[in-house]
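This report refers to the structure that appears directly beneath it.
If you read the sequence from its start, that first residue is 1, and numbering goes on from there. These values consider heavy atoms only, across backbone and side chains, with no hydrogens, waters or symmetry-generated copies. Counting starts at 1 for both ligands and their atoms, in listed order.
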Amino acid sequence: MYAVIVIGTRPQIIKTAPLLREAESRGFDLDVVHTGQHYDYEMSKIFFKELSMPDPVSNLGVGSGSHGLQTGKMMIELENVFNKLKPDVVLVPGDTNSTLAGALAASKMGIPVAHVESGCRSFDMGMPEEVNRRLTDHCSDLLFCVSEWARTQLLKESIESDRVLLVGDTMYESVQAHRGDVDSDDILEKLGVDEDYFVLTVHRAENTDIEVRLRNIFETVMDFDEEIVFPCHPRTRKRLVESGLMEKIEGSKVRLVEPVGYYSMLRLIRDAEMVLTDSGGVQKEAFWLDTPCVTLRDNTEWRETVELGWNRLVGAEPRLIRKAVEDFRSGGLRKSVNPYDFGGASEKIVEELMQSFD
Ligand code: UD1
Ligand code: UDP
């Protein structure tokens with residue numbers, strides 16, 4: 001029994017770390033294949049180091065490009081790698097182009113596919129991630145869901161119930177496993193940031209590639225009294241420079257820094273007064289670390305965080321951004337449930353794989 005997990009981006013590396021630990025402790029043979037979608041040190045290697053993950057058995061070095069070029073190159077390379085490695089099952093976490101390429105390449109070769117973080121939906125087919133997650137789900141043999149809502153959604157889409165398993169979120173396990181590392185992280189001291197700050201991340205195509213949205217977001221947040229720590233994704237840095245917004249940011253309270261490591265990011269989220277983000281993972285981490293989240297998107301696949309009052313969808317609309325920040329400033333949030341925890345997601349996933357494919 002031999003399994004391969006295909007990853008390529010920052011959040012996928014983080015989602016995979018608990019699975020690798022669990023696999024190792026159970027003697028389950030699981031190797032990482034990295035597509036090379038993310039390649040800068042601080043977008044990839046740093047997480048392997050921090051999370052003590054073994055190096056990938058193969059890095060396809062695909063890099064950046066248009067969706068078709070990137071996904072197509074990945075599929076060609078993955079077919080070669082799967083022919084060589086001959087995995088019994090291919091795992092694909094999340095909703096990126098690396099996820100879809102892994103799922104399509106494996107399923108066309110008749111290799112069983114297991115989707116980790118299955119069943120999430122934003123119902124916005126304009127987002128590349130929604131296309132990726134829907135197509136991946138519908139060519140997967142095992143679908144590991146993070147929430148009851150996701151499980152129900154897959155059943156509504158006519159996927160056979162015996163292939164759909166509710167296991168919870170490996171990202172939550174990761175947050176739990178590293179609370180001590182977050183306590184000892186010194187990013188705030190290094191940056192010299194005071195107690196009252198916001199943390200901001202922006203990288204989604206709908207915000208970076210539509211200039212009016214990018215402008216609305218940055219011109220609004222620059223007006224807040226708080227300092228704003230902004231670990232900047234390389235995609236966003238390019239657009240900020242091209243649009244001339246970078247110059248304005250440089251003279252503002254927005255503290256633009258390079259992408260930070262995982263422990264530093266969790267510390268920034270945990271200790272912030274508020275999170276403003278268009279990231280998927282960061283919305284959930286804010287929820288788990290008890291920090292209110294203003295989501296700079298029109299929809300979210302993490303609907304539970306909105307329903308429970310910890311997350312507000314504001315798009316890139318200045319009035320809505322300001323209103324959500326004001327409302328959260330008044331505080332008073334309380335949490336009773338974690339809809340993404342069913343006790344040991346990785347353990348459940350590895351157990352199921354061992355039973356299904358051994
Ligand atoms: C990808 C995922 C997105 C996920 C995000 C996590 C897709 C379609 N999108 O978006 O779902 O939320 O990763 O961060 O798969 N770049 C660098 N260095 C790097 C990586 C990227 O400079 O190491 C720059 C390049 O200019 C590249 C751009 O960022 O063109 C976008 O990278 P890409 O991987 O295509 O998409 P992301 O925006 O990172
Ligand atoms: N993250 C990080 N450093 C950063 C920004 C994000 O470690 O500078 C982590 C974050 O804590 C979360 C994951 O990366 O675990 C989210 O990735 P991203 O926002 O790039 O992608 P998404 O979740 O939107 O797909």
task = Sort out for me which residue in T99, V113, V90 forms a side-chain contact (heavy atoms from CB on, under 4.5 Å) with V6.
result = V90
query = Does E148 CD have over 12 foreign heavy atoms under 6.0 Å away?
reply = yes
note = Those residues at least two apart in sequence (or on a different chain) that pass side chain to side chain contact (heavy atoms under 4.5 Å, CB included) with P112 are V89, D141, F357
query = Rounded to the nearest 0.5 Å, how far does CZ of R215 lie from CG of N207?
reply = 14.0 Å
note = CZ (R297) and CG (L313) are apart, to the nearest 0.5 Å, by 8.0 Å
request  = Any chance you could measure I5, atom CD1, to T16, atom OG1, to the nearest 0.5 Å?
outcome  = 3.5 Å
Criterion side-chain contact (heavy atoms from CB on, under 4.5 Å) against H67, the qualifying member of N132, V131, N97, L100 = N97
message = Taking the side chain as everything from C-beta on, heavy atoms only, tell me whether C120 gets closer than 4.5 Å to W302.
response = yes
Please table the atom pairs, donor to acceptor, closer than 3.5 Å between any side-chain atom in residues 39-47 and protein atoms at least two apart or in another chain.
unit_1 : atom_1 : unit_2 : atom_2 : d
Y39    : OH     : S64    : OG     : 2.7
S44    : OG     : H34    : NE2    : 2.9
K45    : NZ     : D55    : OD1    : 3.4

message = List the protein residues in contact with ligand 2, where contact means a heavy-atom separation under 4.0 angstrom.
response = R10, P11, I14, F47, M171, H203, R204, P231, P259, V260, G261, Y262, M265, S279, G280, G281, V282, E285
Show the short N or O contacts, below 3.5 Å, that ligand 1 makes with protein N or O atoms; if there are none, say 'none'.
unit_1   : atom_1 : unit_2 : atom_2 : d
ligand 1 : 11 (O) : E129   : OE2    : 2.6
ligand 1 : 12 (O) : H203   : NE2    : 2.8
ligand 1 : 13 (O) : H38    : NE2    : 3.3
ligand 1 : 14 (O) : H233   : NE2    : 3.4
ligand 1 : 15 (O) : Q37    : NE2    : 2.9
ligand 1 : 15 (O) : N97    : N      : 2.8
ligand 1 : 18 (N) : D40    : OD2    : 2.8
ligand 1 : 23 (O) : Y39    : N      : 2.9
ligand 1 : 23 (O) : D40    : N      : 2.9
ligand 1 : 26 (O) : K238   : NZ     : 2.6
ligand 1 : 34 (O) : Q37    : NE2    : 3.0
ligand 1 : 34 (O) : H38    : NE2    : 3.4
ligand 1 : 38 (O) : R235   : NH1    : 2.8
ligand 1 : 39 (O) : H38    : NE2    : 2.7
ligand 1 : 39 (O) : H233   : NE2    : 3.0

